[in-house]
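Notes to accompany the following structure.
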Amino acid sequence: MLGVILNPYHLQIVSFILINIILGISIYITLSSGQLSLGNAGFMGIGAYTSALLTINFDLPIFLGIILGAVVAGVFGILIGIPALRLSGVYLAIATLGFGEVIRVIFVNWESITQGSIGLSGIPHLGRELFKSFQITGFDPDMLGLKNNQFIYLLVVLTLLLVNILLIWFFIRQNKSRVGRAFAAIKMDEKAAESMGINITYYKVLSFTQGAILAGFAGALYAHVMAYISPADFAYHRAVDILIFSIFGGSELIWGAIFGATFMTILPEALRFISDYRYMIYGVVLIAMMAFRPQGIIDVSLLNWFKKKLKIKRGGSLGIRTKKYN
Amino acid sequence: MRNSFKRVYLLISVLMVVMLAACGEDDTNTSNASEKSEGPVSAKIGVISYMTGPGAAYGEAITNGFNLALDEINEKGDVKIELIIEDSAGKQDQALTVAQKLMSSDDIVALLGPTLSTEMNVVGPEADINGIPIMGTSTTAAGIPQIGEYVFRNSIPESLAIPAALEKAVNKYGAKKVAILYGNDDLFTQSGYDTMKAEAENMGLEIVTIETFQKGQSDYNAQLTKIKDLQPDLILASALYNEGAVIMDQARKMGIDLPFVGGNGFNSPQVIEIAGEASEGLIVATPWFGEKDDPKVQEFVKKYESAYGHKPDQFAAQAYDALYIMAEGLKNAGEADRDALRDALAEIKDLDGILGKFSFDEDGDVIMEPTVLIIKDGAFQQFE
């Protein structure tokens, strides 16, 4: 039963969705303090290359590699975030886009380490390494009625799912905390926020760095799921893709980024049956969305409407509930 | 807090259901693939091709080549092949997902494609682990067949094409000093450059300068001026045809009359169309020469032209031959089985195709004699 449902193809798509959700959240976080950053592809590249190089050359365990990838991306986030504070709106977007391109060109030209545009192959695969450690404990996927490669991809998906749940939980909590309120205040009006006593420099760099860490983290996961990376993976197309996740789904809420990443990953796969036209439809969907729902699919009013529906269904048995705006 | 957890679970489970519903229609787990002894071997082969996006022209030529060969093979009746063609959009992640889709269907015995070497670097190891033979028809970068024993290719690598062209050019013009020009942000041209440099050093040529350019660049005067001042005897250019043609045009305008030696990506009739007279003197080695005096080649060109309205290029020809190689492998294997097919493929020797006599070496790489061509009087001609 389990073996029939868990097709490696579907598991593969789910794992890309989960990685894209992290990327979507990474841009949502920077957007939530009113900063439009297009450098996330660059941070993703830093995370991916850091983790890949460390695990290939120094035999570091994958988990350490991924964490270090995220940390290094975060350090770059601070370094870029501080000078970028002076910029806002499109100027920041252009500066960060430039940063992403610089990173990509460094990967292309630093051939002795990154092997240039040939890319890095032979990166340890997340699922296969996990599988090895499972084998040591004497576990056999046959016990669950699974084939080896099904089990490998199942492990990848479960790991990513766990990571995703933790991240989403964390950011929802953060949104309701002092930090989240500060981000929202800065997004509404910087001057007003400052006069209310919010340390703008601190919170802007914080949100920018959080975005960079998440992007680097997703990049490192990507490297270990694909087992091969090349600089072309982190070109500006990727930055735009990431931005679309959040803008399409709705940039006001974390659920928007999650929905956008999921939808935009599934769409090209679900449209496979019309092969040649699928990217045309992808484009049409984007244009239609921008024309009819410029704020993104999921916004606060839609969420509240949903909540109302849910409440009616439950017959108000939960009694008085405090309103939530996550 | 409990509520937000609940919502996360709800969302994820809904998504999974939606996704399973959206892309789970064609899961046929029938196992009628291994029909032994009775009649011809029938098999399904998965094709991963670059059919949407900027490089869609490659994918189109490749699938055209497959389809043409498919009709002929099925008509002959030694084996019965069914192709399942999927698009990768030139992206590694899509190539990998679609490869998973094809591999997870038990009755698919082999994969053809993907189109780009970067995609093959991702798909190859996965196919090797799953034990399904995979053959690239357009992946020319170094190291592809070495990925694993299930990975093959029938496209001649740069390490075969460039030395052949370089040797003939050096012998003809008595060149001693060469200048190298290459695009450093593309896997294809980068790996071409690596071969050029190694081969030039190997032949004892003096490399006067190495210049780089980027994809989509339109002004090459800086690099060309430097090359002109150093007065090499030959220019080695590892470029794709769209940049390469512009480079030749600007070089000729600047008064550089030297012959150019190019890699596989430079080999396209488009060069003559874009650069016109300036393209005279481009030397390339290629497995495919449409004007070859071989009835097989001429028949293929005629058939292709009547079916698709234009002349076939190298990619179509390689795809066409690739399916014949697969058919031969299936015939020799005698059954539609992944492992049997792999062993049969590895043993293929001197198979006569439109590209010439074809064999695999022990890695699954190509053994073949490429043809060296030069552009002269506005057309590709055999270079002697």
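What you are looking at is a predicted structure, and each value in this text was computed from that prediction instead of being measured. Here is how names work: the chains are called A, B, and so on, in the same order as the sequence lines, proteins then strands, and each is numbered from 1.
- Using modelled atom types, one side-chain atom of A:Arg272 and one backbone atom of B:Asp87 make a donor-acceptor pair closer than 3.5 Å.
- Counting all heavy atoms, side chain and backbone alike, B:Asn184 lies closest to A:Asn109 at ND2-OD1, 2.7 Å.
- Under 3.5 Å, the side chains of A:Ser117 and B:Asp185 contain no donor-acceptor pair of N or O atoms.
- Using a 4.5 Å cut-off between heavy atoms, A:Phe263 makes no contact with chain B at all.
- Contacts of B:Gln214 with chain A are absent, with no heavy-atom separation under 4.5 Å from either backbone or side chain.
- Of the inter-residue distances, the one linking B:Asp93 atom CG with A:Asn20 atom CG reads 7.5 Å to the nearest 0.5 angstrom.
- Per-residue counts of heavy-atom pairs under 4.5 Å with chain B were compared for A:His125, A:Met280, A:Arg128; the largest is that of A:Arg128.
- Both the backbone and the side chain of A:Pro8 come within less than 4.5 Å of a heavy atom of chain B.
- In this structure, no portion of B:Ala99 lies under 4.5 Å from any heavy atom of chain A.
- Rounding to the nearest 0.5 angstrom, the gap separating the CD atom in B:Glu126 from the OH atom in A:Tyr228 is 15.5 Å.
- Once rounded to the nearest 0.5 Å, the distance linking CG of B:Asn121 with OG of A:Ser230 reads 8.5 Å.
- Contacts between B:Asp186 and chain A at a heavy-atom distance below 4.5 Å involve the backbone alone (N, CA, C, O).
- Going from atom OG of B:Ser104 over to atom CD of A:Gln150 covers 9.0 Å, rounded to the nearest 0.5 Å.
- Using a 4.5 Å cut-off between heavy atoms, A:Glu111 contacts chain B through its side chain alone, with no backbone atom that close.
- Side chains of B:Asp194 and A:Ile118 form a contact here, defined as non-hydrogen atoms less than 4.5 Å apart.
- Looking at B:Ile129, only its side chain comes within 4.5 Å of chain A, counting heavy atoms on both sides.
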Residue pair B:Gln94, A:Glu269: steps toward the side-chain contact (heavy atoms from CB on, under 4.5 Å) verdict: CA-CA 8 Å; B:Gln94 289 224 9; A:Glu269 287 301 322; 4.2 Å; yes
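- Nearest approach of A:Met226 to B:Leu96, heavy atoms of both residues: SD-CD2, 3.9 Å.
- Between the CG atom in A:Asp241 and the NZ atom in B:Lys91 there is a gap of 5.5 Å [rounded to 0.5 Å].
- Counting all heavy atoms, side chain and backbone alike, B:Gln100 lies closest to A:Tyr9 at CB-CA, 3.7 Å.
- Under a cut-off of 6.0 angstrom, the local environment of OH in B:Tyr308 is crowded, with over 12 non-hydrogen atoms contributed by other residues, nucleotides or ligands.
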